[in-house]
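Right, one structure below, let's go through it.
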Amino acid sequence: MTDIQELLLSRIRDVPDYPKPGVVFKDITPLLADPAAFTALTEALAELSLRNGATRVVGLEARGFILAAPVAVRAGLGFIPVRKAGKLPGATLRQAYELEYGTAEIEVHAEDLTPEDRVMVIDDVLATGGTAAASVELIRRAGAQVAGVAVLMELSFLHGRQKLELALGAAPMEAVLTL
């Protein structure tokens with residue numbers, strides 16, 4: 001494990017039985033409160049974005065916004081929010097996806113992405129892969145190319161990578177930490 005990975009992992013707090021009994025929530029707020037850790041994460045994600053030829057960074061609501069916006073600034077790229085349905089004004093593209101019990105929808109402004117864009121999707125956690133896979137589909141429907149998906153941490157025991165890789169095709173999925 002690298003020094004950066006050790007630093008980041010030391011700043012992620014386990015919260016047992018949240019949001020429901022049996023779940024161990026990975027709280028990143030201590031990481032965000034530590035300027036050295038937050039800067040190290042921002043630089044690592046910016047480097048992944050640039051290495052994969054991204055021209056834009058998409059952040060997934062809500063914690064993905066916190067990570068993706070400074071990554072976009074650090075990498076000199078544009079930031080595009082992908083939001084829960086009904087949160088963006090104007091013309092949007094919407095993508096439905098399945099949850100454990102039901103469905104959800106995400107959307108992006110229709111004019112924010114073009115065929116010339118290569119988009120890196122950034123989020124805090126890859127769990128089951130549903131939201132990330134839906135964002136990849138949404139980006140492609142908007143006419144843009146997918147540069148890849150990058151996350152702070154992948155919860156490998158939930159097998160989200162397999163679902164996401166089906167959607168990604170040849171584009172990479174990269175995690176700074178794999179738990």
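The first residue in the sequence is number 1, and the count goes up from there.
A continuous path of Ile, Leu, Val, Met, Phe, Trp and Tyr side chains, each step under 4.5 Å between heavy atoms, connects Leu41 with Leu32, placing both in one hydrophobic cluster. Phe157 is not connected to Val23 by any chain of hydrophobic side-chain contacts under 4.5 Å among Ile, Leu, Val, Met, Phe, Trp and Tyr, and they are in different clusters. In the hydrophobic clustering of ILVMFWY residues, with side-chain heavy atoms under 4.5 Å counting as a link, Leu126 and Tyr97 come out together. If you chain together hydrophobic residues whose side chains sit under 4.5 Å apart, Leu48 and Phe38 fall into the same group. Phe79 and Leu45 fall into different hydrophobic clusters, where Ile, Leu, Val, Met, Phe, Trp and Tyr are joined by side-chain heavy atoms under 4.5 Å apart, directly or via other members.
Going from atom CG of Leu88 over to atom CD1 of Ile106 covers 11.0 Å, rounded to the nearest 0.5 Å. Atom NE2 of His159 is separated from atom CD of Glu154 by 10.5 Å, given to the nearest 0.5 angstrom.
Contact record, Ile4 with Ala40: CG2-CB, 4.2 Å, taken as the closest heavy-atom pair. Closest approach of Arg56 to Asp117, counting heavy atoms only: NE-OD1, 3.2 Å. Across Leu164 and Ala133, no two heavy atoms sit closer than the pair CD1-N, 3.7 Å. Of all the heavy atoms in Ser49 and Met120, the pair that sits closest is OG-CG, 3.4 Å. Between Leu7 and Ala37 the shortest heavy-atom distance is CD2-CA, 3.7 Å. Residues Arg13 and Pro30 come closest through the heavy atom pair CB-CG, 4.0 Å.
Looking at Asp34, its side chain never comes within 3.5 Å of a backbone N or O of Leu31 through a donor-acceptor pair. Asp27 contributes a side-chain N or O that, together with a main-chain N or O of Thr29, makes up a donor-acceptor pair within less than 3.5 Å.
With sequence neighbours left out, the salt bridge (Lys or Arg N to Asp or Glu O under 4.0 Å) criterion links Glu165 to Arg161. Under the rule for a side chain to side chain contact (heavy atoms under 4.5 Å, CB included), the partners of Asp112 that lie at least two apart in sequence or sit in another chain are Ile80, His109. Evaluation of the side chain to side chain donor-acceptor pair (under 3.5 Å) rule for Arg118 yields no partner, not counting sequence neighbours. For Thr39, there are no side chain to side chain donor-acceptor pair (under 3.5 Å) partners at least two apart in sequence or on another chain. In this structure, the side chain to side chain donor-acceptor pair (under 3.5 Å) partners of Glu105, at least two apart in sequence or on a different chain, are Arg94. Asp17 is linked by a salt bridge (Lys or Arg N to Asp or Glu O under 4.0 Å) to nothing, counting only residues two or more places apart in sequence or in another chain. In this structure, Thr42 has no side chain to side chain donor-acceptor pair (under 3.5 Å) partners at least two apart in sequence or on a different chain. Under the rule for a side chain to side chain contact (heavy atoms under 4.5 Å, CB included), the partners of Thr103 that lie at least two apart in sequence or sit in another chain are Glu98.
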Atom pairs and distances, donor-acceptor, side-chain atoms in residues 60-68, under 3.5 Å, two or more places apart:
from, atom 1, to, atom 2, distance (Å)
Glu61, OE1, Arg83, NE, 3.0
Glu61, OE1, Lys84, N, 2.8
Glu61, OE2, Arg83, NH2, 3.2
Arg63, NE, Asp124, OD2, 2.4
Arg63, NH2, Asp124, OD2, 3.3

If you look only at distance, which donor and acceptor atoms sit under 3.5 Å apart when one is on a side chain in residues 167-179 and the other is two or more places apart or in another chain?
from, atom 1, to, atom 2, distance (Å)
Glu174, OE2, Asn52, ND2, 3.1

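No side-chain heavy atom of Glu107 sits under 4.5 Å from any side-chain heavy atom of Leu93.
Other residues, nucleotides and ligands contribute over 12 non-hydrogen atoms within 6.0 Å of the CD1 atom of Ile12.
Residue Val15 shares its hydrophobic cluster (ILVMFWY side chains chained together at separations under 4.5 Å) with Tyr18, Phe25.
Screening residues 134-152 for side chain to side chain donor-acceptor pair (under 3.5 Å), with sequence neighbours left out, gives Gln95-Arg141.
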For Met153 and Ile28: C-alpha separation, side-chain torsions, deciding distance, then whether side chain to side chain contact (heavy atoms under 4.5 Å, CB included) applies. CA-CA 10 Å; Met153 66 184 126; Ile28 67 167; 3.5 Å; yes
